[in-house]
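Here the structure comes first, spelled out in structure tokens, and everything after it is commentary.
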2 protein chains.
Amino acid sequence: MGLAGRIILGDCIAAMESLPPASVDLVFADPPYNLQLQGELHRPDDSRVDAVNDDWDQFESFAAYDAFTRAWLSAARRVLKPDGSLWVIGSYHNIFRVGTALQDLGFWVLNDVIWRKANPMPNFRGRRFTNAHETLIWASREAKARYTFNYEALKAGNEDVQVRSDWFLPLCTGEERLKDDTGRKVHPTQKPEALLARVLLASSKPGDVVLDPFFGSGTTGAVAKRLGRRFIGIERDPAYARAAEARILSVEPLEEASLAAFTTAREAPRVAFASLIERGMISPGTVLTDEKGRYQAIVRADGALVAGPQVGSIHKIGALVQGAQACNGWTFWHVNDNGRLSPIDALRARIREEMGVA
Amino acid sequence: MGLAGRIILGDCIAAMESLPPASVDLVFADPPYNLQLQGELHRPDDSRVDAVNDDWDQFESFAAYDAFTRAWLSAARRVLKPDGSLWVIGSYHNIFRVGTALQDLGFWVLNDVIWRKANPMPNFRGRRFTNAHETLIWASREAKARYTFNYEALKAGNEDVQVRSDWFLPLCTGEERLKDDTGRKVHPTQKPEALLARVLLASSKPGDVVLDPFFGSGTTGAVAKRLGRRFIGIERDPAYARAAEARILSVEPLEEASLAAFTTAREAPRVAFASLIERGMISPGTVLTDEKGRYQAIVRADGALVAGPQVGSIHKIGALVQGAQACNGWTFWHVNDNGRLSPIDALRARIREEMGVA
DNA sequence: AATAAAGATGAATCCGCAC
DNA sequence: TGTGCGGATTCATCTTTAT
């Protein structure tokens with residue numbers, strides 16, 4: 001088993017410009033945070049906090065950071081497919097700059113998502129609230145994009161309740177945290193795989209191409225490989241890139257059965273109401289009612305419904321009799337099935353079953 | 001007892017410019033969010049969502065919104081004392097613009113704080129994550145300010161634990177929500193008093209002057225009066241200002257002794273099956289069975305279960321394989337744990353223990 | 001009167017294909 | 001590129017009505 005993706009060594013803007021346009025389904029970016037730490041930070045016991053102050057994280061000014069941000073976001077936008085989307089993670093130091101820049105460039109914000117940390121670092125000086133979260137922005141390439149969102153699958157894994165914009169997850173520690181020979185962490189801001197897993201499961205499909213322009217220790221690549229996505233990682237530090245490659249090589253992809261897309265109600269093939277009549281499931285002249293028997297309509301041979309002087313589709317007539325804006329006729333209208341009311345949607349389900357679509 | 005503060009009727013920028021410089025200890029601002037709503041939105045039951053589409057929330061472009069933001073932030077900065085601080089609340093529609101502007105103007109971000117809504121409006125169309133939070137930015141007037149932060153009092157009121165940057169609070173509804181004679185809400189975006197109470201308790205002292213340039217229905221004034229702070233509220237809509245005045249007049253100030261409480265709302269402990277997978281307690285592809293091994297299902301990476309052609313939650317699939325109406329998947333499904341079947345509910349209990357929600 | 005069922009509602013950038 | 005229309009979609013909480 002190979003890498004199941006590629007790691008490009010070099011500057012992320014140049015590397016993205018070398019990629020073909022509209023070739024990427026999803027971008028996940030964890031850009032430098034522009035932390036303006038003044039001096040070193042010490043814990044109450046005087047031990048030094050291993051803060052994020054590597055060279056790559058220093059920017060002279062907000063203007064320089066903004067220019068850098070616009071440059072990489074523009075490059076990312078070029079390589080994104082029209083229906084692709086982008087995630088960026090950041091903290092209050094940089095996320096407002098990033099959010100403003102991506103809105104200005106035409107990205108369309110879909111959600112901001114809060115990663116609530118289960119075990120954040122306390123505020124040792126007691127001068128602020130414990131900084132217990134980071135912010136992710138999820139945005140489509142443009143306002144009208146038909147982006148991927150696996151709503152039903154996420155809901156099924158979440159007690160049948162739709163997933164909220166605040167996610168509670170532990171930090172990346174322990175076994176998962178990459179360490180070098182001397183036991184020191186390889187990368188200062190390694191993200192937990194659980195976070196990337198949620199991102200990829202929510203907004204990409206198996207086989208999609210996921211680009212991470214700030215690859216670092218390769219969490220995006222590791223999770224992409226495991227979840228059957230392809231990846232492109234760009235990293236300018238050879239040491240990080242080597243660590244990422246070794247890490248990803250040891251990842252086992254999951255079986256297809258635990259990944260396959262399932263057909264949702266939205267994607268299920270259309271069934272015409274007339275086909276119920278053609279198959280003899282409903283006879284012309286049958287009286288349909290709503291669940292409580294308050295409204296009724298008569299089935300015509302051509303699949304239209306009649307309610308008084310009105311003729312129309314099951315949806316139109318359903319809306320009309322209720323005085324509603326819209327109506328799903330499949331769930332609204334019922335037939336009398338041996339003395340019990342049953343929605344005509346049950347008949348549609350039988351047809352779909354025959355068609356071999358669950 | 002009078003108002004214990006003043007309400008200025010008029011444009012907030014002009015009004016702030018008429019105030020003396022360096023005269024205010026704290027600013028709390030709830031500016032327009034620039035929502036940019038398109039058409040109407042209906043709930044699945046066809047009822048119409050009462051959207052915020054008031055004139056005051058309409059801006060021509062991001063540039064226009066940015067200009068407005070910079071103008072009011074500049075005016076607010078002038079009236080702030082050197083050691084004063086400022087809070088702004090917003091959503092992803094506007095908060096990045098606000099955060100960028102205030103950083104550019106020299107404010108120093110101390111925290112971003114997440115208001116996690118206990119009862120947010122769902123995403124009715126299932127196209128995004130539930131937008132379940134709003135963001136507050138807390139910033140001092142300048143980087144070296146000796147701002148007020150009542151660390152010890154907050155910690156003491158929070159079970160001796162540092163207060164985190166994510167706050168779980170319900171929406172402003174019920175009795176607290178101001179209604180007019182016809183029973184309609186007075187203001188479309190009234191904030192909960194508990195939110196303002198946390199802000200004022202954290203970052204102001206009794207007797208401090210708190211300025212709210214977007215006073216609306218006067219939540220800031222009501223809480224300020226109750227907590228023994230003075231307030232200046234600026235509101236351009238006379239109807240809102242009148243409602244705010246009447247509201248605040250009926251507020252009783254609290255005794256000083258009872259001011260310190262920083263109580264946390266109780267969160268319903270809910271563990272998603274997907275989180276067992278994220279934490280590596282169950283691997284995708286694992287076969288779950290019932291207690292007697294009669295039924296089985298495969299765990300997907302996203303936390304759904306697969307049984308033959310069917311995909312769904314642990315509860316839905318549990319019900320389906322049994323032909324039952326409903327099923328508690330937590331107690332029905334078991335994993336093979338070293339040759340012994342153990343209910344997945346045992347794994348959930350371990351997570352709950354970690355979360356401290358036994 | 002007490003309990004249950006039904007209705008209302010909240011800062012929302014909320015569809016997609018065929019013609 | 002616009003229009004028409006099939007038909008898919010909701011959670012927690014508080015209030016009102018029914019039993």
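Chain letters run A, B, ... following the sequence lines, proteins first and then strands; every chain starts at 1.
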Spacing of A:Asp345 atom CG relative to D:dA8 atom P, expressed in whole Å: 7 Å
Regarding B:Arg270, tell me which of base, sugar-phosphate or nothing describes its non-hydrogen contacts under 4.0 Å with the strands shown. sugar-phosphate
Name the nucleic acid region contacted by B:Glu176, choosing base, sugar-phosphate or nothing; use a 4.0 angstrom heavy-atom cut-off, strictly under. nothing
Looking at B:Lys117, I'd like to know whether one of its side-chain N or O atoms comes within less than 4.0 Å of OP1 or OP2 on D:dA12. no
Could one point to a donor on the side chain of B:Arg127 or the base of C:dG16 with an acceptor on the other under 3.5 Å away? no
Does the side-chain ring of A:Trp108 lie flat on the base of C:dT13, meaning centres under 5.5 Å and planes less than 30 degrees apart? yes
Heavy atoms only, 4.0 Å cut-off, all strands: where does B:Gly39 land among base, sugar-phosphate and nothing? base
Which is true for A:Asn328 with a 4.0 Å heavy-atom rule: it touches a base, it touches only sugar-phosphate, or it touches nothing? base
Classified by glycosidic angle (syn within 90° of 0, else anti), D:dT15 comes out anti
Give the residues of residues 89-96 of chain B touching DNA chain C, defined as any heavy atom closer than 4.0 Å, sorted by residue number. B:Tyr92, B:His93
Can you find a donor-acceptor pair, distance only, under 3.5 Å between B:Arg177 side chain and C:dT9 base? no
Between P on D:dC11 and CE on B:Met121, what's the gap in Å once rounded to a whole number? 13 Å
May I ask you to say whether B:Arg300 pairs ionically with B:Asp302, meaning some side-chain N is under 4.0 Å from a carboxylate O? yes
Any carboxylate oxygen within less than 4.0 angstrom of a Lys/Arg side-chain nitrogen, looking at A:Arg340 and A:Asp337? no
Whichever of A:His315 and A:Tyr151 has the more 5' nearest nucleotide on DNA chain D, that residue is A:His315
DNA chain D base-pair string [pairs: Watson-Crick or G-U under 3.5 Å; |: paired with another strand]: .|||||....|||||||||
